[in-house]
Protein chains: 2
Amino acid sequence: MKKVSLKDIAKLAGVSASTVSFVLNGKADTMRISKPIADKITAIAKKSGYHPNQLAVSLRTGQSKTIGLLVEDISNNFFAALAKFIEDEANKYGYKVVYCSTENNNQKAKALLQMLSHQQVDGFLITPTDKIDKDIQQLMDYKRPMVLMDRFLPSVATPYVLVNNFAGVETGMLHLIERGYRNIGFVTVDLNMIQMQKRDEAYIQTIHKHKKLIKTPFLLRLHYNEPTEDSVKKISAFIQNSALDAIFFSTNYLGILGLESIKQLKLKMPDQLAMVCFDDHDIFRLHTPEITTIRQPIKEIARSAVQILLAQMENKKQLFKKQVEIMPQLILRAST
Amino acid sequence: MKKVSLKDIAKLAGVSASTVSFVLNGKADTMRISKPIADKITAIAKKSGYHPNQLAVSLRTGQSKTIGLLVEDISNNFFAALAKFIEDEANKYGYKVVYCSTENNNQKAKALLQMLSHQQVDGFLITPTDKIDKDIQQLMDYKRPMVLMDRFLPSVATPYVLVNNFAGVETGMLHLIERGYRNIGFVTVDLNMIQMQKRDEAYIQTIHKHKKLIKTPFLLRLHYNEPTEDSVKKISAFIQNSALDAIFFSTNYLGILGLESIKQLKLKMPDQLAMVCFDDHDIFRLHTPEITTIRQPIKEIARSAVQILLAQMENKKQLFKKQVEIMPQLILRAST
DNA sequence: CTGAAAGCGCTTACAG
DNA sequence: CTGAAAGCGCTTACAG
């Protein structure tokens, strides 16, 4: 009564397991199963509430129809949205998605990669941590389908999909310069990852290109895991000591911390301080004043990553080394 | 080279598959495998990077060591935090967690329940939708380990863990009344779920108990899936038409919409309007002024739910009908 | 002290 | 037109 198996159906219908399998997998025609038998089997299966045990199917076919998704932090808006879009897209092709958060912790990321691998996922979608290159390289060696997202590892040639980080910061900076801001600070984080390096680089280079207008860069680099109050204090000090008239945050959670600092300093935006943040967020839209941001086209990133992964899974021999960069978008709001 | 199986190890070590299995599962002693053989097997397994295929283990043992988690919406802060705590707690006991969002859509919830079931999860943690009682009843009939969370179904006797919704709203209301507010509006949603009904009830009853001070309740019930701009407009009209001096939102996303309305109306909190919201959220902490909320003890809910589920899984015959209610907490901030 | 065998629930060549 | 058999990768009584 509890769990009905293929065998049970076979017994009830008075046929062999193979016949049941063929019928239930829509191969009745190719296998030339007679209509009456096929119908009988279908009816019995339906009535008894039979559903194949996916574990057994996966073991037998060697395909779990599951994609393993490793994001930095699923409770972060950006990654939550990314995961959602990926799931929708994967579902279209009959794939399930299992997702996990690395929290930028190498040990955790490695363990999760192992776990997904033991669970026999068919492919990986990964936002890598900085020291995970060995593991990624190994996946590549084993020809396991995989696409990196949001960032990539310069030391390993893999397919990836990410936003053009350089262009994003550049666009935001040019906007600030155009509006007449001259003391523009940049707050970033000491994550040794390519996407952050590109953002930092874009800031420095843009300042440099406009050295006639802008004397000097002001860069504050916070620690990834430091207590939030410490970061808030450092940002406050940074704003005051450098007499900033504008501030650029390199990622959404930094921007949210920045709002705390700005609030504590009782600075009026944009009059006393302008602000731009990389990555959009509900908080920025709801804030008074609303905050100008650089928005990543999350849906496009998701779609693109899934497509490349599926292409790999279908054609294992020739792993696509496809590397995609998508342009972000400046969302103009009241803070600049 | 790619995937090493138990058999491969057995061949390499020159022993049988059973011996390898015993050693690798720490049963070398009970099975009296000789030390040298055991060591040899361990060494070979390590060197060749062997890891058991979890699909096969699950199929054979009948346990997937996986818990299926069905939440309303993983991109909602509350559920994201809940999922995170549940995962941490489950991991302690060697369980993985697969999570999915119902988005309060019955069809989707049913399909996901099916999917999890076919995937052979060992137990279910569920935030039910309103018309899913049949499916839940079926799980109960089949004695599948299960705990409902956040809400329960009055028509099905199941174990559950949730916050005392009545007490939460009552506490918030008493706080508002104490502070001298007399025209207190309540914004809720037409989800036909018990947790919302309790919150509504608490509002009405508290008003009723204080009828000497408060003339009449003002209740606005929004549609769950209506466009956000419509909701925002309705809330604005509600505030103005009823000349409210305080407003209570029955859940976090309504509160966030409310912030939009209040912003558009340019009302100063708490002078022109006080606000309380059920469920805490970063946005409320970062808002100017900060918003008073009723916070659910999410970690406790998670811990408790996992504990009850594990108890069920270990003792299938006697399903615990445990029903737990936890008290929420009033977080006083500047909006009241 | 160790191995052969059965079986978890499926799918899929192969045979007739 | 349908069935018997092998096998996916494991675990676990059973036997010796």
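Convention: sequence-line order gives letters A, B, ...; per-chain numbering from 1. None of the values given here were measured: they were computed from a predicted structure.
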Inset, instruction - Sticking with atom C1', work out how far D:dT11 lies from C:dT2, rounded to a whole angstrom. - result: 16 Å
Inset, instruction - Return the set of residues passing side chain to side chain donor-acceptor pair (under 3.5 Å) with B:Glu72 (not counting sequence neighbours), or none when no residue passes. - result: B:Asn104, B:Arg151, B:Tyr224
Inset, instruction - Select from A:Ser34 and A:Ala56 the residue whose nearest nucleotide in DNA chain D is closer to the 5' end of that strand. - result: A:Ser34
Inset, instruction - Could you check which nucleotide pairs with C:dA4 in any of the strands shown, counting Watson-Crick or G-U wobble with both distances under 3.5 Å? - result: none
Inset, instruction - Tell me the partner of C:dA13, counting only Watson-Crick (N1-N3 plus N6-O4 or O6-N4) or G-U wobble (N1-O2 and O6-N3) with both under 3.5 Å; none if nothing fits. - result: none
What nucleic acid atoms does [X] come within less than 4.0 Å of, heavy atoms only: base, sugar-phosphate, or nothing?
X       : result
A:Ser18 : base
B:Lys35 : nothing
B:Leu55 : nothing
B:Ser21 : base

Legend entry - Distance in Å, A:Ile298 CD1 paired with A:Phe79 CZ, rounded so as to fall on 0.5 Å steps: 9.5 Å
Inset, instruction - Could you check B:Arg32 against B:Arg60 and say which one's nearest nucleotide on DNA chain C is further toward the 5' end? - result: B:Arg32
Legend entry - Check ion pair A:Asp39-A:Lys35 (N to O, under 4.0 angstrom): yes
Legend entry - Sole residue of A:Leu309, A:Val324, A:Val147, A:Leu162 in side-chain contact (heavy atoms from CB on, under 4.5 Å) with A:Ser304: A:Val324
Legend entry - Span of DNA chain C, from the first to the last nucleotide whose atoms fall under 4.0 Å of chain A heavy atoms: C:dC8 to C:dA13
Legend entry - Test: B:Lys27 cationic atom under 6.0 Å from B:Phe22 six-membered ring centre, within 45° of axis: no
Inset, instruction - Check for a donor-acceptor pair, side chain of A:Glu89 on one end and backbone N or O of A:Ala302 on the other, with a separation under 3.5 Å. - result: no
